[in-house]
2 protein chains.
Amino acid sequence: MLSKKAQYAIKAAGYLAERYQQGPIQIHEIAENKKIPLKFLENILLMLKKEGIFESRKGKGGGYFLVTPPEKIMLASIIRIVDGPIALIPCVSLYFYKKCNDCDETDCNIKKVFAEVRDATLKVLENKSILDVV
Amino acid sequence: MLSKKAQYAIKAAGYLAERYQQGPIQIHEIAENKKIPLKFLENILLMLKKEGIFESRKGKGGGYFLVTPPEKIMLASIIRIVDGPIALIPCVSLYFYKKCNDCDETDCNIKKVFAEVRDATLKVLENKSILDVV
DNA sequence: AAATAGTCTACTAAATGAGTAGACTAAAAA
DNA sequence: TTTTTAGTCTACTCATTTAGTAGACTATTT
């Protein structure tokens, strides 16, 4: 399951995608429209900004906005930033790999199955952009 | 991510699958071979037994065993029993559906994307049995 | 009756999830 | 240059879940 954080992140991203190149959008506008707790959303947007997904400007007329075209921002990236691994077990994670203890990874069928699951999942999430969820 | 519980459940199931029709296997044997904390494993096996995945016998010569052929026991079933939903968001879960608040589900693109992810995941997990992880 | 092996209830400690509070900083306008 | 505006940052809190443990109980066999 995705965390609430990830679900909010995707909704917020969708909102910004809809308004691409229309100038900065204030956090509270996103919060109200998408029904996300304001202070919680602040944290989430900040995370995504730090990872280069969004940009922001302070002061009057400020807010959040995209610099990258929305069709280039994939759901997989957003989920990884807020929730971490997409794979179901750490030893098949591409970005958050951790080797499993007491398991011969060179010939582990569990690993093989969950690598398949990971690939199936990524085939969707790496190819759906935030424009696909507006 | 799968919980440890689910990972242990899959390993234990694989162990029983390898010894299908060879009589009851004691919990401590599974625990030792698969390096799973004994008391924790007891709980897990019990859960799966209650859901009809395993059978057990008490007393001397007792233990856990399969009555269903292992190739008919799918990973998806085991994961659902111990971890619950496989879908990434509740509103697309087949077995643990919960409607989302403030979202028009008839025309929600988030829902559509995550239904696709669910289908891709299930296509693997509903077709891999515990024989595939020995 | 004793030994064996699963069953069941209940407990704990640590981590995670879901947020909240409030002070701080940058940018723009008065 | 002060005020206002709007994002930034640190650090909380509280509830739930995760990952186990303890110990008494029950059924089966010898």
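Here the structure is a predicted model, which means the values were calculated and not measured. Here is the naming used below: chain letters follow the sequence lines, and residue numbers restart at 1 for every chain.
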Heavy atoms of chain A, cut-off under 4.0 Å: which first and last nucleotide of DNA chain C, 5' to 3', fall inside that, if you could look?
C:dA18 to C:dA28
Residues passing the ring-ring contact (aromatic ring centres under 6.0 Å, His included) test with B:Y20, sequence neighbours excluded, are none
Backbone of B:C91 reached by a side-chain donor or acceptor of B:K111 within 3.5 Å:
yes
Give the residues of residues 12-24 of chain B touching DNA chain C, defined as any heavy atom closer than 4.0 Å, sorted by residue number.
none
Taking A:D107 first and then A:K112, would you say they form a salt bridge - that is, a charged N and a carboxylate O separated by under 4.0 Å?
yes
Show me the protein contacts with nucleotides 11-19 of chain D, counting only N or O atoms at under 3.5 Å.
unit_1	atom_1	unit_2	atom_2	d
D:dA19	OP2	B:K4	N	3.0

Is it true that A:E126 and A:R80 make a salt bridge, defined as a side-chain N closer than 4.0 Å to a carboxylate O?
yes
What nucleic acid atoms does A:I27 come within less than 4.0 Å of, heavy atoms only: base, sugar-phosphate, or nothing?
sugar-phosphate
Does A:L2 offer a backbone N or O that forms a donor-acceptor pair with the side chain of A:D83 under 3.5 Å?
no
Side-chain polar contacts of residues 66-73 of chain A - donor-acceptor pairs under 3.5 angstrom, sequence neighbours left out - could you list them?
none

Considering only distance and modelled atom types, tabulate donor-acceptor pairs under 3.5 Å from the side chains of residues 42-63 of chain A, sequence neighbours left out.
unit_1	atom_1	unit_2	atom_2	d
A:E42	OE1	A:K39	NZ	3.2
A:K49	NZ	A:S56	OG	2.8

Under a plain distance cut-off of 3.5 Å, with no hydrogens placed, do B:Q26 and B:Y64 share a side-chain donor-acceptor pair?
no
